[in-house]
Number of protein chains: 2
Amino acid sequence: MNTCIRVFADSIQISRCREDLKNKEESFLELADVLNLAGNAVRLKILYLLKQENELCPCDLSDILGMTVPAVSQHLKKLKDAGIVTTKKSGQTIFYSVEEQSQRIISSVLDLFKLPNSIPTL
Amino acid sequence: MNTCIRVFADSIQISRCREDLKNKEESFLELADVLNLAGNAVRLKILYLLKQENELCPCDLSDILGMTVPAVSQHLKKLKDAGIVTTKKSGQTIFYSVEEQSQRIISSVLDLFKLPNSIPTL
DNA sequence: TAGTTATTTAAGCAAGTACTTAAATACAAA
DNA sequence: TTTGTATTTAAGTACTTGCTTAAATAACTA
């Protein structure tokens, strides 16, 4: 490890930051997980659609997104494993929707759309 | 492609969703890019630290994060290529900070920390 | 100048991602 | 039961990611 030995390094600042990160480690991991799931165009669209339409089945999503059912299903599995979406069975159809507890964070993530000039290349 | 041929499929809804996605395609890709970059615990911490401390050099970040300088440098390169962070040279030290135009979206992303009970496993 | 420090770049690699096609499962209706 | 539909799971694969170590750049200092 190339430890920083700069003359001007502010060791107080570095210690403070290190301590701060340590206290927030869990939160960083959890937030990064959610952002990582949303940080894929297909999953971001799925979350957007589920929020917008309330509920949709893998078959619908496959049609809307123009991709195979297994591909969609695998994305849904990730979102479900993370507790972000939930399912409701109706006959042989399975409806996916955004999990109650995740509504707020997903809404907040999707609200980032509305920030003008906020995305670098815009 | 296994097209959805469900009896109960709402073809009007599917067409509407497809159209909607088409109009927002660009935004989805751009937002997913930003979320994907923030969706890594190391980069999320870097963004948090840069916002909190205003500016830091790769050497500082290496110390704070407890990882090698090249590893940090490669993360910084990704953030810089995406236009999310910017650099300022001072002697042989290079200070990184959050790009002016990206301040808002990064602040919004980091504000997700503050949502209580919003992260699934919490 | 040579030596030291800060940073980036390159190459290699193990692990993860996102799709594909095929098979398995679950349920409904004839 | 057999057939068909909706969905998931599994296996294979091309691509990407995030680190590692070593080398290359760049700039300060003696």
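Not measured: the values here are computed from a predicted model. Letters A, B, ... are given to chains in the order of the sequence lines, protein chains preceding strands, and every chain is numbered from 1. Side chains are part of it too, since the values below use all heavy atoms of this structure and drop only hydrogens, waters and symmetry mates.
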Give a yes/no on whether any side-chain N or O of Tyr96(A) is located under 4.0 angstrom from OP1 or OP2 of dT8(D). yes

I need the CG-C1' distance between Asp60(B) and dT5(C), as an integer number of Å. 14 Å

Examine dC27(C): is either OP1 or OP2 under 4.0 Å from a nitrogen or oxygen in the side chain of Lys89(A)? Give yes or no. yes

Using the closest heavy atom to pick a nucleotide of DNA chain D for each, name whichever of Gln74(A) or Ile94(A) lands nearer the 5' end. Ile94(A)

Salt-bridge present (Arg16(A), Asp20(A); N to O < 4.0 Å): no

Phosphate oxygens OP1/OP2 of dG18(D): is one of them under 4.0 Å from a side-chain N or O of Asn40(B)? yes

Is there a side-chain polar atom (N or O) of Lys78(A) under 4.0 Å from OP1 or OP2 of dA18(C)? yes

OP1 or OP2 of dT7(D) versus the side-chain N and O atoms of Ser73(A): is any pair under 4.0 Å? no

Whole-Å distance, Leu37(A) CG to dG16(C) P, equals 15 Å

Atom NE2 of His75(B) and atom P of dT8(C) are separated, to the nearest Å, by 13 Å

Heavy-atom closest pair (Ile46(B) atom, His75(B) atom, distance to 0.1 Å) is CD1-CB, 3.9 Å

Check the distance between dA6(D)'s C1' and Gln92(A)'s CD and give it to me in whole angstrom. 5 Å

Give, for atom CG of Leu49(A) and atom OH of Tyr96(A), the distance between the pair rounded to the nearest 0.5 Å. 15.0 Å

Can you check the Leu61(B) CG to dT7(C) P distance for me, whole Å? 9 Å

Quick check on dA6(C): is either OP1 or OP2 less than 4.0 Å from any side-chain nitrogen or oxygen of Thr93(B)? no

Nearest-Å distance, CG (Leu65(A)) to P (dA18(C))? 14 Å

Separation of atom CG in Asn36(B) from atom P in dA18(C), rounded to whole Å: 8 Å

How long is the span from the CZ atom in Arg18(A) to the CG atom in Asp60(B), to the nearest 0.5 Å? 10.5 Å

Rounded to the nearest Å, what distance is computed from the CE atom of residue Met67(B) to the C1' atom of nucleotide dT21(D)? 15 Å

Testing Leu56(A), Ile84(A), Thr86(A), Leu79(A) one by one against Leu50(A) for a side-chain contact (heavy atoms from CB on, under 4.5 Å), which residue passes? Leu56(A)

Using heavy-atom distances to pick each residue's nearest nucleotide on DNA chain C, tell me which of Ser90(A) and Gly39(A) is more 5'. Gly39(A)

